[in-house]
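Have a look at the structure below before the remarks.
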Number of protein chains: 2
Amino acid sequence: MNLQDQLREHGIQPTPQRLAVAAYVMHAREHPTADGVLERVRKQCPTVSRATVYNTLNLLVRKGLIRTQVLKEGTVVFDPHVESHHHFIDTDTGSIYDIPWHALTVSGHATLRGFDVQEYQVILRGKRRAARPRRR
Amino acid sequence: MNLQDQLREHGIQPTPQRLAVAAYVMHAREHPTADGVLERVRKQCPTVSRATVYNTLNLLVRKGLIRTQVLKEGTVVFDPHVESHHHFIDTDTGSIYDIPWHALTVSGHATLRGFDVQEYQVILRGKRRAARPRRR
DNA sequence: GTCTTGGTTTAGACATAGTCTATTCACCGT
DNA sequence: ACGGTGAATAGACTATGTCTAAACCAAGAC
Ligand SMILES: [Mn+2]
Ligand SMILES: [Mn+2]
Ligand SMILES: [Zn+2]
Ligand SMILES: [Zn+2]
């Protein structure tokens, strides 16, 4: 299915600006900030305003197509991966990596007295290790 | 040991303003923001400036007496609990609760390929359940 | 007692993230 | 063409945080 139909299915009128924002943020792997999205989208659509980018991102969040994550100081980041998963943050570069849900197991959260846990995730910090080159 | 000596031990000249900030933030349970600390400290020391509060909080962090946590949108919060622990965030009120390290166990983090994990914590979200009244 | 000096405090300028408002614009149905 | 609806835009506005330059203060030297 193309992006235009995907937006319509979620009750969003597809406009050129919204398509440009959605095309980028829904496939971004880098957990961009709103101003990061603005910067990137302006390369395709140089007249787009900051307000439109913020409006569109908030709309995509309300409609469940993307979600926000609180992972960086001072700003929220956007994540097209809406299912539960964990995050690793490189303390040198600030880069954020997705960790699949099933890579980690958390035990004990169901028995916390006085807390009705609705969701959780593990935030890991450290340094990205150079991937060992694969022998071919 | 009193607070004045504790600051001196960490190489911090104890001034009235610094003592007022430290006295509050080092015993705060609510994970206050910088402006929350300012508001509270001004009740004791009404002439203290915003710059001094920010300077002092950053100094206490550099010296390892408190730490920052990225748990709230748009602002960092301060935490006198410097050892590893987890956090529960009430999605209704925004209140942040400490969860002791040993209340939860995370497995799998040691075997993540390509990631050198130096620290981690679990962030849980949900609703605080009314504590069942204790029979006396 | 006055002078000097280094560290501290202060007000305000500045930068960035984010929201809101009023105006303009684009697409429609008539 | 005209009118109405929703979207886009520029810019004002708020909040968090940093930075700078000036005022302040406590000690020590004379
Ligand atoms: Mn969907
Ligand atoms: Mn210590
Ligand atoms: Zn993610
Ligand atoms: Zn804490």
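Quick caveat: nothing in here was measured; it's all calculated off a predicted structure. Just so it is clear: chains get the letters A, B, ... in the order the sequence lines come, proteins before strands, and each one is counted from 1.
Taking only side-chain nitrogens and oxygens, B/Thr47 comes nearer than 4.0 Å to OP1 or OP2 of C/dT10. Between C/dT19 and A/Asn58, a contact under 4.0 Å exists linking OP1 or OP2 to a side-chain N or O. In this model, the phosphate group of C/dG18 is approached by a side-chain N or O of A/Thr75 to a distance below 4.0 Å at OP1 or OP2. Between B/Gln17 and C/dT10, a side-chain N or O to OP1/OP2 separation shorter than 4.0 Å is present. Distances shorter than 4.0 Å separate some side-chain N or O of A/Tyr54 from OP1 or OP2 on C/dG18.
For the residue pair B/Asp98 / B/His31, a side-chain donor-acceptor distance below 3.5 Å is found, with atom types taken as modelled.
Here the CE atom belonging to A/Met26 is positioned 13.5 Å from the CZ atom belonging to A/Phe78, to the nearest 0.5 angstrom.
At a threshold of 4.0 angstrom between heavy atoms, the contacts of A/Thr33 with the nucleic acid are absent.
In this structure, CD of B/Glu39 is placed 14 Å from C1' of D/dT16, rounded to the nearest angstrom. Between the CZ atom of B/Arg8 and the C1' atom of C/dT8 there is a distance of 16 Å, rounded to whole Å.
Judged by closest nucleotide on DNA chain C, B/Thr15 is the one of B/Arg50 and B/Thr15 placed further toward the 5' end.
For the pair B/Arg128 and A/Phe115, the cation-pi criterion (under 6.0 Å, within 45° of the ring axis) is fulfilled.
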